[in-house]
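These numbers were taken from a predicted model, which means no experiment stands behind them. The residues of the chain are indexed from 1 along the displayed sequence.
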Amino acid sequence: MLDFKCSDRMKTLKPSTIREMLKYTSDPTVISLAGGNPSADLFPAKELHEAAKDVLENSAAVALQYGITEGYPPLIKLIRERHKTKYGIDTPGDEILITHGGQQVIDLATKCLVNEGDTVISENPSFIGALNTFRSFRANIVGIPMDYEGMRIDLLEKALKTEKNVKLIYTIPTFQNPMGVTMSGERRKRLYELAVQYNIPVIEDSPYFELSYSGPPVTPIKAMDTTGHIIYAGSFSKVISPGIRLGYAIAPAELIAKMTVAKQGEDVCTNQFFMVAIAKYLEKYSLDEHIQECISAYRKKRDYMLECIDKYFDKRVAHTEPGGGLFIWCDLPEGCSGTELWKFALERKVACVPGATFDVKADPSNRGFRLNFSLPTMEEIDNGCRIMGECLKEFLNKKD
Ligand SMILES: Cc1ncc(COP(=O)(O)O)c(C=O)c1O
């Protein structure tokens with residue numbers, strides 16, 4: 001047997017608790033509030049079937065061939081138009097790179113900007129996929145605490161004054177994963193000012209941006225960017241399907257050129273078939289109408305989960321009230337660990353994700369836990385929250 005020696009870069013990576021949890025959630029008696037996927041009921045399968053058929057009948061020579069690394073030009077054009085008209089993000093030149101999901105934008109930007117030992121500043125808690133990317137590049141990750149208005153910008157400013165070799169700031173300002181919170185307009189403005197003042201690029205990771213349930217979407221930070229400091233990571237995963245693996249970076253052309261070279265060493269080009277099929281889909285159907293369907297389905301589930309939390313959870317447990325996205329975050333009282341609660345709840349057949357999973361230092365004493373409302377049915381939301389409420393009561397009483 002090969003006695004392989006793992007690279008140093010892989011030693012620091014944390015296995016995803018979420019993947020580990022699939023072991024438990026495949027048990028049909030466990031109610032899972034732990035997932036993070038969009039609901040399969042909302043995939044536009046019929047429309048994608050039509051688009052795929054059209055592609056294979058009429059554009060097979062292009063769709064089944066290698067494509068240019070930047071991405072399929074008609075899809076780039078559609079992304080450009082959508083972002084200009086809807087969100088005020090202007091990309092007149094070569095500022096767009098199509099990728100295999102938003103995850104690859106994070107990977108390529110980090111590869112281009114961060115050397116081993118450099119500092120990446122991230123919200124804490126944050127998306128584990130991004131944290132693992134920073135770990136794989138052997139970055140020093142500095143976590144900035146979040147509150148229910150997003151990243152604490154006062155603490156970001158403090159960190160920028162004291163930390164050495166900061167090469168990147170990572171934020172999910174809209175409907176954050178895992179907390180579901182949205183950075184206020186004032187904080188967005190201040191974050192951008194600080195990025196310019198300290199001359200540090202920012203990844204604005206925004207896969208949930210268009211899933212807005214309580215009014216029109218906020219303005220992306222990228223829309224105020226006149227200096228090229230913001231690297232926008234967009235994705236079709238949550239509004240069309242994650243299986244198609246399509247995302248995109250919007251950044252200054254010089255950085256996009258570097259990320260394009262970096263991408264050539266990873267996968268040559270993004271899946272050409274799906275780029276052509278999604279371009280057809282976007283030309284023929286209304287993505288906005290489809291997003292509205294997703295919004296009404298998810299809004300109902302969000303509202304119901306919030307109702308159930310209010311009905312069943314101990315009032316000592318704080319929770320966010322997300323304006324969009326897929327997640328609600330709960331905070332246990334001081335001195336209680338989300339990891340302990342997670343184990344306790346799993347034994348009683350309800351699954352959440354412990355806050356430690358998203359913690360920059362993977363700290364098991366993190367008081368938070370994440371709940372997802374896109375995957376469970378209404379009945380599962382009710383039963384899951386009821387059982388979780390009983391667990392919380394027992395768990396907190398034991399701590400008293
Ligand atoms: C905050 C955040 N960023 C990026 C991603 C990756 O998404 P994609 O499927 O576009 O790679 C996810 C997926 O869950 C996410 O939650």
**K189 atom NZ, over 12 foreign heavy atoms within 6.0 Å** = no
**Item:** Stepwise side-chain hydrogen bond (donor to acceptor under 3.5 Å, both in side chains) test for Y87 and E210
**Value:** CA-CA 11 Å; Y87 306 116; E210 301 199 87; 2.4 Å; yes
**Message:** If you count heavy atoms of other groups shown closer than 6.0 angstrom to NZ of K258, is the number above 12?
**Reply:** no
**Prompt:** What is the minimum heavy-atom distance between F327 and P322, and which atoms define it?
**Reply:** O-CG, 3.2 Å
**Request:** Please determine if K398 and E340 form a salt bridge, counting it only when a charged side-chain N lies under 4.0 Å from a carboxylate O.
**Result:** no
**Asked** Above 12 or not: heavy atoms from other molecules or residues under 6.0 Å from CG of D147?
**Response** yes
**Message:** Whether D54 and K284 form a salt bridge (side-chain N of Lys/Arg under 4.0 Å from carboxylate O of Asp/Glu) is what I want to check.
**Reply:** no
**Message:** Salt bridge or not between R190 and E157? Use side-chain N to carboxylate O under 4.0 Å.
**Reply:** yes
**Message:** Any salt bridge linking D359 with K361? Criterion: basic side-chain nitrogen under 4.0 Å from a carboxylate oxygen.
**Reply:** no
**Request:** Step through the shown structure and confirm whether more than 12 heavy atoms of other residues, nucleotides or ligands are within 6.0 Å of CD on E186.
**Result:** no
**E390 bridged to R386 by N-O distance under 4.0 Å** = yes
**Message:** Looking only at the side chains, is there a donor atom on one of T227 and Y192 sitting less than 3.5 Å from an acceptor on the other?
**Reply:** yes
